[in-house]
Structure formats: structure tokens, C-alpha cells
Amino acid sequence: MQALGTLADLPPDYVKELEALNLVPLWPSLRGVMPPHIPTRRTRATAWRYQSVRPLLLKAGDLTPIEKAERRVLVLANPGHGLERMQASPAIYLGMQLLLPGEWAPAHRHTPNAVRMVVEGRGAYTTVDGEKLPMERGDLILTPTGMWHEHGHDGDQPVVWLDVLDLPLVYYLETSYHINGTQQAITTERTETPNARGGLLPSPAFERRHTRYPMLRYPWVEARAALEQLARVQAADEAVQLTYINPDSGDDAQNILGYYALMLRPGQTIELPARSPACVFHVIEGGATIRACEQSFDLLEADTACVPGYEPIAVRNLSADTPAFLFMADESPLHRKLGLYERR
Ligand code: GTQ
């Protein structure tokens, strides 16, 4: 490949003159912004151990009252992007949030989409646009863009969940902001309709009632049972994987990030092809080894890892006797919408 001219090849006076007019020559930077065949990725394969995160998160509970935090979160930041950027990948933000018994994280709404994957503790709930959603371990709770949400806790033990947001993208687009609200009135209407059951939506007098997000809570008991059922009928060498979808549209549950539940049979290894989106693994039950980018992470329960796009990934169950259950998040809905999705 022809080497292109550099900035140093140009007369300093000329470069100064360009700068003063907010002009930049392309050719010294062309290869940098469009490298040959494979993109430059700042995202590094990184793992966060719950065993290490948990004591520091509980300490944050002592150090910072909820009123001083609003959201008491330790962000899982990818060092490849710089910790201050608070991003796991180009479009994914990850945080571990702690709510102590009796605490309340006040109502607000914001442009980034969020989901919560409940890691430990019982008795917490998130109210989303008036719908009170109980948070049980492994449940996936949606708080889509623009919807009011607040977190409360009626139990007696700390509750921790993993927040996944598309904040880095929304921030990059200069569209990230929030609005504070007051405590929401609970409307039982949505809670008590069949909205909360996959594949069933209210249709009074045969009229479909369209809500943009009919399903806001995906109980782990349902996802786990669906995985086990799939494992019984699917070929032994195939990945047992489910996508969290919007039951009204059949599309991904959210617009920008994709969410999946994966079951690894005892001793099973699955090879995921290199794909353009970055991806996150979080262990719900059991343990798994993630191999990517010439690294290997043994993930135990509640551990989390991220892998950059364009890298093949192998996921292996650490146990030969019991299945492992993982939650995954990736950037594929975004890549598909932008026409950038590829699989190699
Ligand atoms: O719970 O609303 O991790 O607004 C970051 C921003 C959680 C939340 C985060 C948020 C929230």
C-alpha cells in the first residue's frame, strides 16, 4: 500500500494557516480513520468480578447516602476507552447499582434506554410509567427511552442489579439528558393485564391495543424455563439461545442494544463468529470461560465481561455436570439499523 504524506511533510506555515481557518488535510489521517480491512477498536476484552465489585459497592452504601447519589452505581468502565468515558464498548454502558432496604431512587426519565439485570437480593421494584415491576434475581427490567422510572426497596437485604444503557452512543450524538419527576402513582392497569406474559397482549373487542413497550419485565423463571425447553428439542451442538423481544412487534426488546439469554449444556463450548457489534456476557447461574482476543476469562456467578466487535468468541461451560445460564447484551440492533452489521 502506498504510504501517504504526513503532516511533517508540509511546510509549518501552511499547516498553521490551515489551522487558523479550522481546516485539516485529510491524507495524513486517512489510514487512521479508515484502516485496511478491520476497524481500529478501543474496546478491550475486559472482565469484572462480582467478588471484587460487591464489597466496594456495599462500601459506597456506607460512604454515600442515596440522596447524594440518586443512583448509587459503580460503572464497569473499559480501560481501552479511558475510565472517565464510563463506557464498556462504543455503545454500551454497564453499571452495578446498589439499593439498600428502605431507600428510594427518585423518579426521572432520560433519553438513553436502560435495562436492569437483577443480580442479588429481594424486595426491590422499579416503577416504569406507573407500572410497578418486582425485581427478582435474573429478571430483565426495561426502562425504554423517555419513560419515567424510579427504584424502591421494601425488602431487608441489599439489592444489586446490573444496569445496561446505550448512554455512550446517546451521549456521543449530543442527545443525552434527563428530567426529574415526582413519585409516580402506581397504575395497576398494566400490571394486571396479560401484558406481562410473552405472546399475549390485550385486545378488548378484538382490537389490538398497541403500546410501544407492552412488556417491561421479563421474569427469569420464564426465560430459564424457555431455555430448558429449547435445550430438549434442539440439536446438541447448537447454541441454546433466546432473544428478548418486544412481543407486539417481534423486534428486539429495545431499539439500540440487543439482549439475549444463553444456556450452555454441561461441558458445552459454543463458537461465536466474528461480528461487527461489541458484546457483553453476564453469568446468571453457573460459570463459563470466555475466550476472545487471545485472552481467557473464567466467569462465575454475577461476573461480567465485554468483548470488542470483529472478534470470534468461544464460550465454554465451566461445569461438565450442570448447565450454565448467561445474559448477553450487544450492539446488533444498532448495527443492523445503520446497515453496518456484518458477520465474518
Ligand atoms: O437507574 O435510572 O446506571 O439514570 C445510570 C443512569 C442507572 C437509573 C444508571 C441512570 C440509572
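Side chains included, hydrogens not; waters and symmetry mates left out as well; all remaining heavy atoms used. Just so you know, ligand 1 is whichever comes first in the structure, and atom 1 is the first atom listed for that ligand.
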Checklist line | Per-residue contact class, Q97 against ligand 1 - non-hydrogen pairs under 4.0 Å | finding: side chain
Checklist line | Name of the residue among R137, R54, Q157 meeting side-chain hydrogen bond (donor to acceptor under 3.5 Å, both in side chains) with E120 | finding: R54
Next item on the list: Take every heavy atom of H151, measure it against each atom of ligand 1, and state whether any distance is under 4.0 Å.
Entry: yes
Margin query: Can you tell me if R116 contacts ligand 1 (heavy atom of the residue under 4.0 Å from the ligand)?
Written below: yes
What residue and atom, counting heavy atoms only, is the protein's closest point to [atom], and at what distance?
{"atom": "atom 7 (C) of ligand 1", "answer": "D163 OD2, 3.3 Å"}
{"atom": "atom 5 (C) of ligand 1", "answer": "Y93 OH, 3.5 Å"}
{"atom": "atom 6 (C) of ligand 1", "answer": "L165 CD2, 4.0 Å"}
{"atom": "atom 8 (C) of ligand 1", "answer": "R71 NE, 2.9 Å"}

Checklist line | Candidate pair E136 and W220, rule side chain to side chain donor-acceptor pair (under 3.5 Å), full reasoning | finding: CA-CA 8 Å; E136 299 284 343; W220 175 236; over 6 Å; no
Check: If you measure from the Lys or Arg side-chain nitrogens to the Asp or Glu carboxylate oxygens, is any gap between D248 and R212 under 4.0 Å?
Finding: no
Margin query: Under a 3.5 Å cutoff, is there a donor and acceptor pairing between the side chains of S332 and Y260?
Written below: yes
Margin query: Do D252 and Y259 pair up side chain to side chain, a donor and an acceptor below 3.5 Å, judged on atom types alone?
Written below: no
Next item on the list: Report, in ascending order of atom number, the atoms of ligand 1 lying under 4.0 Å from any heavy atom of V73.
Entry: 3 (O)
Notebook entry, point to check: What do you reckon, are the aromatic ring centroids of H153 and H151 less than 6.0 Å apart?
Noted result: no
